Amino acid sequence: MSTQKSRAARRRLPRVLGIGVAGLCALAYADAWAQPVPPPPVPAEPPPGQGGAGGAGPTGAPQGGSEPGTAGQGGAPTEPPLMGEPKPTGATKAGEGGAAAAGAGTQVATDGEKTEGAPGEGEERTQKGEVAERPSEVYAEDWWTKATPVFDLHGYYRVRAELFHNFALGRKDVKAIWPQPPDNDFIDAAGNRHQVALCGDDPLVPEACESNTQAGANMRFRFAPELHISDNLRIMTQVDLLDNVVLGSTPDGYVNEPSSLGGYHVVARGGYSPTGAFVSTQWAPVSGVNSLKDSITVKRVWGEYATPIGQLRFGRMPSHWGIGMLVNGGEGYDADYQSTSDRLMFVTGVKAWDLYFGAAWDFANEGAISAAVNEQQGQPYDLAQKDDVDQYVFIVVRKMNPELQRKALREGQPVFNGGTYFVYRRQGLVNELACNTGEVCNDASLGQSSSNVSAGYLRRGAEAFIPDSWFQFMYKGFRFDVEAALIWGSMENTSRLAGTGTDYRNPDDTEDPGWKIRQFGIAGEAEFRAIEDRLRIGFASGYATGDDDLESLVPTGEGLQPQLTANRTYSEFRFHPNYRVDLILFRNILQRVQGAYYFKPSVEYDFLRDPDGQRVGAGAGLIWSRASEFMQTPGHARDLGVEIDLKAFYQAKDGVMNDDPDKMGGFFTQVDFGVLFPLDGLGFLQAQKDDYAQYDPTNPLDTKIALMARWFLGILY
């Protein structure tokens with residue numbers, strides 16, 4: 001009988017661990033560690049369909065038809081985490097830990113007498129390695145010996161099919177914002193013919209190929225297991241399999257090898273696959289052979305240890321703040337970019353006030369290391385300190401517990417969250433030479449000697465102060481988020497080649513040497529939910545400073561964009577590329593919001609929404625974008641374009657492995673369609689039209705409407 005009881009206690013033990021880090025932090029202020037752990041209160045769960053602003057329903061701002069449900073979570077920073085509230089593991093479902101602890105009846109009376117359920121004086125406590133019959137007999141110092149490691153599995157698998165049409169917008173520049181498809185025959189603005197005369201019905205009389213469409217599909221399997229060693233100690237990972245591999249891009253017979261001129265060249269096909277027309281299978285991606293990535297990519301591994309006074313994080317971990325305008329963890333199922341930091345971080349705070357403080361030391365860029373190509377073992381080390389990018393992060397944030405937040409919103413109470421994320425970074429020396437294969441070069445490549453690295457140094461003298469503030473207000477079905485960031489810095493030298501001297505001296509103003517960095521960005525989101533969260537009306541807007549001394553909104557070459565005038569200030573601000581606003585202009589053509597501002601109203605509605613997670617809905621958004629500095633645009637005008645994005649989505653019942661009510665689970669599919677109407681800012685100058693008429697009078701220069709269609713298929717868990 002005692003054996004059966006012991007086994008039953010082991011099965012109940014994960015419930016005891018559900019008291020989590022909250023109990024650990026509370027014990028720091030207790031009179032004695034030997035006292036039983038008091039259970040935390042269990043807040044009531046919201047009724048189905050009323051998850052508050054953090055619910056899993058789709059939203060129209062700011063994702064632009066990309067990721068339903070992410071904007072509602074966007075205001076919750078992953079840095080710092082909520083202390084004292086562990087995430088339920090695979091062995092402990094949400095709410096079970098508190099219920100189990102509460103049912104144990106473990107209390108300490110104010111007069112010193114122990115209540116029923118606690119061992120009395122003279123009773124023997126459970127010995128090390130044994131499991132108590134009652135959860136109330138598990139003591140804080142025994143947690144380590146009583147805990148059983150548990151894997152908690154999360155991630156997703158996705159396949160995305162996409163079609164781009166006229167993404168070059170009718171432009172025929174040599175350095176176009178979006179390059180022409182290689183199977184398109186055209187005459188560029190300089191009068192050069194890019195001939196692809198291989199189409200038509202007659203193989204003996206081929207005709208010019210006309211193609212303005214690009215289409216394909218890609219996939220990713222993200223595997224993010226969490227190893228919970230005990231209730232206050234865990235190891236987190238993120239591994240991607242076939243990460244954004246383009247379907248059909250690794251056929252049998254397709255092999256590359258390094259070229260003596262730099263890059264790669266294709267190896268001749270073998271006799272069993274002499275031509276691509278006879279392809280019979282796909283090979284696994286191998287970096288440098290048939291792909292730029294390996295089949296398996298380990299992106300993050302970090303540890304978390306909850307001490308009585310705070311949480312310690314160490315390793316390669318996600319970095320996210322506010323709504324993700326500046327640093328973005330890229331956790332969404334449709335994400336392609338992410339902020340990842342090699343970091344040592346500690347977070348503490350006053351839980352009663354929901355106020356937290358954090359500090360981090362980042363290893364942003366260490367420069368050349370000692371790793372050698374012909375030595376695969378041993379311990380590489382950083383060759384020098386003066387070329388490191390030193391980065392320090394400080395955080396002050398007020399963030400309410402998600403469950404208590406939902407409860408407050410359900411009861412009609414306002415919720416305020418917000419804080420400041422401050423970054424300081426600097427770099428003294430730098431070696432950023434780039435050489436072709438086979439050249440003797442003093443760069444910082446792998447296996448380079450210390451003397452060669454030293455010969456390639458130049459003085460950079462870069463320094464930056466980056467404050468980023470975030471504020472969130474929620475009341476019933478209304479949510480408002482705003483994030484603003486400033487980058488205030490300087491550089492002594494913008495050169496890239498060692499031995500070329502320095503451009504620190506200002507020939508136009510000797511009293512104002514060096515180079516300045518003055519950049520500012522702000523983004524806001526507002527959302528109103530009604531009809532049991534079925535209807536979501538949103539509005540999003542953002543602004544990023546531009547630079548009228550730069551040639552283009554996007555970088556046109558290697559290194560820093562050269563200033564075209566005597567101005568020595570870099571002022572173009574760039575949002576994080578994973579902060580999605582639309583489908584075409586900012587997401588793909590410009591690749592991010594930069595040097596521009598936008599306005600976006602949106603609406604979504606769930607035609608079907610069940611408590612078990614099943615949903616069917618649709619949404620629409622309108623985005624008007626303008627340049628902050630008109631001189632940066634090709635047409636020297638502020639208006640960039642007007643884009644209309646539409647979507648329809650279906651989510652099946654939530655998966656059994658999903659224990660987070662704020663996240664989606666199970667099967668999900670979505671169809672998106674976008675159309676971009678380019679305006680004068682993306683057009684042509686009159687002089688360009690006149691010059692081009694002499695090269696191709698039958699096809700005058702004019703912008704064209706861009707279209708995009710995409711189909712997303714995913715399984716989330």
Side-chain angles (χ1 to χ4, degrees), residues 175 326 342 361-369 382-393 422-436 439-446 448-467 485-521 544-574 594-595 629 631-632:
K175 295 182 178 180
L326 182 67
D342 290 342
W361 176 20
D362 289 355
F363 299 82
N365 182 359
E366 294 296 288
I369 61 175
D382 183 16
L383 288 178
Q385 299 301 299
K386 299 295 184 182
D387 61 353
D388 295 353
V389 175
D390 299 320
Q391 180 165 295
Y392 307 95
V393 180
F422 180 82
V423 179
Y424 171 72
R425 62 164 53 195
R426 67 186 180 189
Q427 183 181 32
L429 306 182
V430 65
N431 184 332
E432 294 180 340
L433 292 175
C435 302
N436 291 324
E439 294 182 357
V440 177
C441 188
N442 298 320
D443 62 5
S445 57
L446 294 174
Q448 200 63 269
S449 66
S450 294
S451 58
N452 282 355
V453 173
S454 177
Y457 275 146
L458 59 83
R459 180 185 175 108
R460 177 69 72 213
E463 184 178 46
F465 301 86
I466 311 173
L486 173 68
I487 303 178
W488 188 280
S490 62
M491 288 184 295
E492 297 175 355
N493 184 13
T494 64
S495 302
R496 296 185 63 214
L497 301 178
T500 57
T502 178
D503 55 10
Y504 176 73
R505 184 182 301 275
N506 188 346
D508 299 308
D509 187 354
T510 57
E511 296 183 357
D512 187 24
W515 301 79
K516 296 182 178 61
I517 303 173
R518 304 288 188 267
Q519 301 170 355
F520 175 75
T545 54
D547 193 333
D548 57 3
D549 295 303
L550 298 183
E551 181 181 6
S552 173
L553 285 171
V554 298
T556 55
E558 298 178 352
L560 290 168
Q561 291 179 260
Q563 295 280 331
L564 302 179
T565 68
N567 186 294
R568 295 167 71 89
T569 301
Y570 289 93
S571 58
E572 182 178 14
F573 185 90
R574 296 184 171 103
Q594 51 189 344
E629 298 290 346
M631 289 297 293
Q632 284 189 268

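Note that the structure is predicted; figures quoted are calculated from it, not measured.
Annotation: the span from Ile487 atom CD1 to Ile466 atom CD1 amounts to 5.0 Å, rounded to 0.5 Å.
Here the closest heavy-atom approach between residue Gly501 and residue Ser495 is recorded as O-OG, 3.9 Å. Minimum interatomic distance between Asp382 and Ala368 (heavy atoms only, all atoms of both residues): OD1-O, 3.2 Å. The two residues Glu629 and Asp547 have their closest heavy-atom pair at CG-N, 3.7 Å. Smallest separation of non-hydrogen atoms from Leu433 and Asp443: O-CB, 3.6 Å. Taking both residues in full, the closest heavy atoms of Tyr504 and Arg568 are given as O-NH2, 3.3 Å, listed atom of the first, atom of the second, then distance. Pairing each heavy atom of Glu463 with each of Tyr424, the nearest pair is OE2-OH, 2.6 Å.
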For this session: Decide side chain to side chain contact (heavy atoms under 4.5 Å, CB included) for Met491 and Leu560; before the verdict, give the C-alpha distance in whole Å, the side-chain angles of both, and the deciding distance to 0.1 Å.
Result: CA-CA 12 Å; Met491 288 184 295; Leu560 290 168; 3.7 Å; yes
For this session: Go through Gln594 and Glu572 one step at a time and tell me if the side chain to side chain contact (heavy atoms under 4.5 Å, CB included) criterion holds.
Result: CA-CA 7 Å; Gln594 51 189 344; Glu572 182 178 14; 3.8 Å; yes
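Take Thr565 and apply the side-chain contact (heavy atoms from CB on, under 4.5 Å) test, not counting sequence neighbours, and it matches Asp549, Asn567. Every residue two or more places apart in sequence or in another chain that forms a salt bridge (charged side-chain N to carboxylate O under 4.0 Å, His left out) with Asp512 is listed here: Lys516.
Side-chain polar atoms of Thr569 and Ser571 form no donor-acceptor pair below 3.5 angstrom.
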